[in-house]
Structure formats: C-alpha cells, structure tokens
Amino acid sequence: MNVRRRLLTGTAIAGATALSLGSLSACSGASDKDGKPQVVASFYPMEFLAKQIIGDADVRVETLTKPGVEPHDLELKPRQVGDLSKADVVVYLKGLQPAVDEAVGQSEAKHKVDAATLTSLEKHGASEHGHEHEGHDHGDEGHDHAEGEREGGHEHEGEHDHDHGGEAGGDPHVWLDPTKYAEVAKGLNTKLAEAYPDHEADFQKNTDALVTKLTALDKEFTAGLKNRTTDTFITTHAAFGYLAERYGLDQEGISGVSPEAEASPARIKEIQEIAKKEKVSTVFFETLASNKGAKTVAEDTGLKTGVLDPIEGINDKSKGDDYFEVMRANLAALKQALGAR
C-alpha cells in the first residue's frame, strides 16, 4: 500500500459535500444527467462486481477511482463527494481508501454497501504462510484451509505489519481470492436487489453466472499451481495474503505496507536468504506503483523481476482488460515463478 495518503479532512469533506449538494439542490432522486439511476463504486474491484451483476439493466455504474490512479492515494473532488450523496447505492470496501470511508460516512446515499461486511476479513502480515513447510504435498493443499481454520501469517523482526486499517485490522484484498470475491458478489447482489427490486431476477441470473466463472477460476488456480517446486513468492506489495492462504502458498513482502518503500539492508539480506532456501526465482512488482523496490532487491539477490497485479485498477499496462484476464495472467506468472508443471 502506498502510505502517502492524501486525505481530505473532515472539515474539507463536509465543505465539499455542502458545496456539491447546494449546486444539486434542484435535483430530485438519485439519477444522473441522462435520467438513469446511479451506483457509485469506490474502485475497480467494486465497479467490476457491480457492472457484472447489473448487466444490461438501466442502471449506470460510476467509479471514484479512475484508471491508472493508485486507489490508496485517491483524493476526492467536491463533485465526487456530491455524487456519493445523490447515488442510489454506494459500493466501497472499508479500510482500503480512508478518504472514501470518511466521505461515505457523511453522505446521504440511501444504500451504503461495505464489501468488507459481505465476507470475513483476516489479518495478514508482510509474510503470509498458507501452510507449514514440513512434510506437505504440493498437490492438493490449496483447499485444505477451510474458512476460519486457516493459518495466520507472521511478522519478521523489524518489519511493519501489513495492516490496511480495516475496522478490525483486517486485510481488505478479498478480491484476490476468487472464492471470497464470489461471497462478496452474492452479498452485493442482495443489496442491489433491495435498491432496484424490479431487476431482482436479472441480477440473480447475472450473479449466478459470475459466481460460476469465479468458481471455475478457483479451480484453474488449484490445478495450475499443483506440482510446483517452491511455495514461496516475493512481492513488493503484500496484498496477496488471501491468495496465499487459498492455494497453500507463502507470500514474502519486501516492505509490507508500502510498495514504494525502500527495503532495509536487513530485509534485503533476509529476502536473499529466503530466496536461496526456498528456491525462489522471481521478485514481483505491480502495475500501479513504482517497481524500484523490486528491481533493487532483484539486483541485490540475483533474481528476476515479474508482474503480479493486485488488480486495484486496470490501465494500459495491465496484462488484460478485466479482472478475469488479469487473474489468469497472475496465475501464469505464479506458475512460472513457482516452477509449477
């Protein structure tokens, strides 16, 4: 996560809200300029779910985080704050974008959907282990970690914990686990049907189709990551704790909290030792943040670099045009790095 968050203060947000609502006082209901109802999503994973569920229904979905913007750094403009208050539904993930959390709390939107309440959040450290190293089989461990019975990660000495500031200190990156993402989709379907009851049947049909695709993706990951030579992957942004748990992998974050932070000499040495012991070949960076840290560690450790995308946004550097394409690109990258056959 980029720790350089530039948040609007409560006073600024309140002022922006008043300004926006004042200019919109003649509007009634929660429709956009074309007369269509509005759903406002905080960032790409929420936008993608909303659009998949809504489908062809006459409901417009907009996002607060434009392509190419690192979502943790989002600054809300007065117009965006106003959009939140006039929206029918606001879909966000509390704990990921504090500026959005604060603005949503002050908005007058009738339906506020916090995706973090639609599944269970867990705490993850910069080092997240999906299983014990000793005596395990690389074949089918991925689904042995039942909900609520998964192992927690540990924190290396001198390393920052990867706590994104969720309400209970939980890691919000649930969309990187297709199974948990499906849980969020089901919950969002219920909330959208409450807001737009005339579309309930269509929303349910679209949700069922989406869950089927997510289930298939989960099976692709399970099958694709069998017979690997190592379980460990190294990444600048420790966003893959849920993915690691789901498929029995070990995530090692270089700097934990910030993908742009420089790793300490002690951490680089530790990463080098882990890479040698666990036969790691690749250091992963992401598309919306600087890859300087990954390149530094790769140079110091003699490892290759690659992209593992946390899919917090889609831009021209993304290895795909939507969630499913980028997740499959992530799977291909992990298979190569982990020596999966």
Side-chain angles (χ1 to χ4, degrees), residues 1-9 12-13 16-17 20 32 38-52 60-85 87 89-107 109 112-116 162 164-166 171-176 181 184 235-240 255 257-261 284-294 307-327 329-330:
M1 180 193 302
N2 195 319
V3 294
R4 296 178 293 105
R5 296 173 177 159
R6 301 179 292 276
L7 309 183
L8 287 175
T9 65
I13 288 177
T17 302
S20 300
D32 66 9
Q38 269 193 320
V39 173
V40 177
S42 58
F43 73 128
Y44 177 74
M46 301 298 101
E47 177 194 13
F48 181 77
L49 278 192
K51 286 184 174 179
Q52 291 288 304
R60 182 171 176 172
V61 179
E62 295 184 351
T63 181
L64 295 174
T65 309
K66 302 304 179 184
V69 175
E70 214 288 335
H72 305 290
D73 278 349
L74 180 66
E75 292 181 349
L76 294 179
K77 298 177 181 178
R79 178 191 60 78
Q80 293 176 301
V81 177
D83 287 345
L84 288 174
S85 285
V89 182
V90 175
V91 185
Y92 70 115
L93 210 168
K94 190 171 184 179
L96 190 88
Q97 297 172 287
V100 173
D101 295 347
E102 189 171 357
V104 170
Q106 297 186 28
S107 78
K112 302 176 185 180
V113 184
D114 175 10
H162 184 65
H164 283 264
D171 179 357
H173 295 85
V174 293
W175 64 92
L176 293 169
Y181 202 33
V184 175
T235 178
T236 53
H237 187 185
F240 300 90
S255 55
V257 175
S258 172
E260 294 184 350
F284 288 114
F285 62 93
E286 59 188 80
T287 56
L288 293 181
S290 169
N291 62 5
K292 180 180 178 181
V307 174
L308 197 62
D309 196 330
I311 322 181
E312 294 178 342
I314 299 290
N315 63 12
D316 57 2
K317 295 181 180 180
S318 300
K319 294 183 179 298
D321 294 329
D322 66 13
Y323 170 83
F324 286 103
E325 290 185 1
V326 179
M327 279 294 281
N330 281 345

Apply the test side chain to side chain contact (heavy atoms under 4.5 Å, CB included) to residues Y92 and D101: give CA-CA distance (whole Å), side-chain angles for both, the deciding distance (0.1 Å), then the verdict. CA-CA 8 Å; Y92 70 115; D101 295 347; 3.5 Å; yes
Close side-chain approach of [X] and [Y], heavy atoms under 4.5 Å:
{"X": "P45", "Y": "Y181", "answer": "yes"}
{"X": "V100", "Y": "V90", "answer": "no"}
{"X": "Q97", "Y": "T65", "answer": "yes"}
{"X": "K51", "Y": "V39", "answer": "no"}
{"X": "P78", "Y": "V81", "answer": "no"}
{"X": "T63", "Y": "Y44", "answer": "no"}
{"X": "D114", "Y": "V104", "answer": "no"}
{"X": "I314", "Y": "D322", "answer": "no"}

Checking the side chain of [X] only, and the main-chain atoms of [Y] only, is there a donor and an acceptor separated by less than 3.5 Å?
{"X": "Q80", "Y": "L64", "answer": "yes"}
{"X": "D309", "Y": "N330", "answer": "no"}
{"X": "S318", "Y": "N315", "answer": "yes"}

Can you name the ring-ring contact (aromatic ring centres under 6.0 Å, His included) partners of F284, sequence neighbours left out? none
Do you know which two heavy atoms are closest between [X] and [Y], and how far apart they sit?
{"X": "H173", "Y": "A239", "result": "CB-O, 3.3 Å"}
{"X": "E312", "Y": "E70", "result": "OE1-OE2, 3.4 Å"}
{"X": "S85", "Y": "S107", "result": "OG-CA, 3.4 Å"}
{"X": "D83", "Y": "Q38", "result": "O-OE1, 4.5 Å"}
{"X": "L96", "Y": "P172", "result": "CD1-CG, 3.5 Å"}

Only counting residues at least two apart or in another chain, list the ones meeting side-chain hydrogen bond (donor to acceptor under 3.5 Å, both in side chains) with Q52. none
Interatomic spacing from [atom1] in [X] to [atom2] in [Y] - rounded to 0.5 Å:
{"X": "K66", "Y": "L74", "atom1": "NZ", "atom2": "CG", "value": "10.0 Å"}
{"X": "K319", "Y": "L308", "atom1": "NZ", "atom2": "CG", "value": "11.0 Å"}
{"X": "L49", "Y": "W175", "atom1": "CG", "atom2": "CH2", "value": "11.0 Å"}

Verdict with supporting geometry, L93 and V184, side chain to side chain contact (heavy atoms under 4.5 Å, CB included): CA-CA 10 Å; L93 210 168; V184 175; over 6 Å; no
Can you name the residues that form a salt bridge (Lys or Arg N to Asp or Glu O under 4.0 Å) with K112, not counting sequence neighbours? none
